[in-house]
Amino acid sequence: TPSNSSAASDVYKRQPGSNNSVYGNEIYSAVQAGFSTNNANYQGIFNNTVCYNKQAIAFSGSSNLSTIGWHNNSFCILNLFPSSNNNETGNQPLLNFNATNIVNTSCTAVIDGINSGTNETLGPDNTNQSIQTNRTLSFGVHELNFTCSDSYDDAAAPNSLLFEVSQASCGDTLTQDITLTSNLTASGNCFTINTTGVTLDCAGYSIIGDGTGIGIKIDNADNVIIKNCTVANFYVDVDSDPATGVVVENGVFENATICVLFYETNESIIRNNQLWNCSRGINLTSSYLNNITNNYIDFVLRGIQLDSNSGYNFIDNNTVNNFTVNFVPTKATTFGILIDGDNNTVSNNNICNNGKEGILLEGADIAGYYTVNNSIRQNTLLNNTGRGIKITLYCENNLIFDNICNNNGYDGIYVGEDYNYIKNNTCSNNTYYGIHLLSNNNDVANNSCYSNLRGIYFEGSDYNHVHNNTCSHNQYGIFVNLD
């Protein structure tokens, strides 16, 4: 990117001239003006990019827009006039221009066909005039004309002058890629993305709400990427509904009721994020084939929650580590990971210090609906107040294997439903039971249960197959209670 900060004007004609062509140039960071002309009419100025200069255009002498062939030039309004005496309010740019041969008249900035600000104090040969626009402009390209009542400087040329607002602001709907260049604040919602293929790169900047609304809303758009964002203090920080192919990565999401919510969002990725101080960290509802990996989740009531009709999701290598919760926990609401869906894989996660259960498999409270065929494997579950793993309410044919369930407040593994497979787990130093069976027809094999009150405890259970387990240093190795 060229930078000519030492130049007063990058394109400047001092003497009368005509029939020159100025095109295909990139003009950046001029101390005064990107384009400056003096007595220079009938020029062809087209296909140039003019950004981050004190002034975009400055005309003097007999120069006027109506006799200059302007077309297809791009002007970046944000930081267009960065000097301290020029003010911008949000995305309401201050437009600077010179006026000559004008007596007792006014000029109006017309943006996208709408009058957007007027200067009514012009006299003859006024220079360094400005119009503060009265409209907040959205991110993207806009069309500008200066229209003046004096025919010498009537700016309603046939070819439009284009400029770009390169920084989005809260309230915008994003329809193209955007990289933030500053922090943003919102009252209510911030961004809506309803166009497929948009990338929002916050570049480490923050989007801060007022405790209401949605920080980033993906609304019926596919292949959207949200990266490098810090989003905080919304009701929902990121909400996708519905979508396919979304990526949320390398962000920080915090201080919300829900940090990241996917509803009817499929084949998407949530990875390498930090989620803090939310009632729910990641919440999937009616969502399939998603990949949730390498996230760090802390200070939440519910770390990762898969609601009903969420299936074939892969939850791997996340940390849910709730040392402290800034919400009021209850028996029914606190867990590291909740699975209420079918055919999900939960593997290689570290789930510690949660207020109740580490991993909870719990079907919808509807007779005849079952949570089935989930694979819970190779997870580490330590120091949870309740159970390491709990299976309850309409859960069948789930495979629980190769997990470490130690030092939990109740049981290592609690099996409250039928036809599940509990194999190759290590359950030690739990306050009550290594494996607690209150159900029928389960297969419990090759587990190691030691230093618990009871290694394996049957309570009102029938037709279970318990074989090839190792139980040592428990008060009772295997205890069968049919009362």
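- Within the cation-pi definition used here (under 6.0 Å to the ring centroid, within 45° of the axis), Lys423 does not qualify as a partner of Phe401.
- Sequence neighbours left out, the pairs with a member in residues 239-249 that pass side chain to side chain donor-acceptor pair (under 3.5 Å) are Lys217-Asp239, Ser240-Thr265, Glu249-Arg271.
- Looking at residues two or more places apart in sequence or on another chain, you find a side-chain hydrogen bond (donor to acceptor under 3.5 Å, both in side chains) between Asp443 and His467.
- For the pair Arg387 and Tyr414, the distance from NZ or CZ to the six-membered ring centre is under 6.0 Å and the angle to the ring normal is within 45 degrees.
- Put simply, the side chain of Asn406 gets close to the backbone of Ser428: a donor and an acceptor are under 3.5 Å apart.
- Around atom OH of Tyr432, no more than 12 heavy atoms belonging to other residues, nucleotides or ligands sit under 6.0 Å away.
- The aromatic rings of Tyr296 and Trp276 sit tilted relative to each other, their planes meeting at an angle between 30° and 60°.
- Applying the disulfide bond (SG atoms under 2.5 Å apart) test to Cys170 and every residue at least two apart in sequence or in another chain returns Cys190.
- In this structure, Tyr419 has no ring pair (Phe, Tyr, Trp, His ring centres under 6.0 Å) partners at least two apart in sequence or on a different chain.
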Side-chain atoms of residues 444-458: list all donor-acceptor pairs with protein atoms under 3.5 Å, sequence neighbours left out, distances to 0.1 Å.
| residue | atom | partner | partner atom | Å |
| --- | --- | --- | --- | --- |
| Asn447 | OD1 | Asn424 | N | 3.3 |
| Asn447 | OD1 | Asn425 | N | 2.9 |
| Asn447 | OD1 | Asn425 | ND2 | 3.0 |
| Asn447 | ND2 | Ile422 | O | 3.0 |
| Asn447 | ND2 | Ala445 | O | 3.1 |
| Asn447 | ND2 | Asn469 | OD1 | 2.9 |
| Asn452 | OD1 | Asn429 | N | 3.3 |
| Asn452 | OD1 | Asn430 | N | 2.8 |
| Asn452 | OD1 | Asn430 | ND2 | 3.1 |
| Asn452 | ND2 | Cys427 | O | 3.0 |
| Asn452 | ND2 | Tyr450 | O | 3.1 |
| Asn452 | ND2 | Asn474 | OD1 | 3.2 |
| Tyr457 | OH | Asn481 | ND2 | 2.9 |

Discussion item. One pair to check against side chain to side chain donor-acceptor pair (under 3.5 Å): Asp210 and Ser187. What are the steps and the verdict?
Written reply: CA-CA 6 Å; Asp210 63 353; Ser187 177; 3.2 Å; yes
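- Considering Asn348, Asn349, Asn294 in turn, Asn349 is the only one that fulfils the side chain to side chain donor-acceptor pair (under 3.5 Å) rule with Asn318.
- Pairs passing the side chain to side chain donor-acceptor pair (under 3.5 Å) check and including a residue from residues 225-235, sequence neighbours excluded, read Asp201-Asn228, Asn233-Asn255.
- Remark: the Asn354 side chain and the Asn384 side chain contain an N/O donor-acceptor pair separated by less than 3.5 Å.
- Here the side chain of Asp418 pairs a donor or acceptor atom with the backbone of Asn440 at under 3.5 angstrom.
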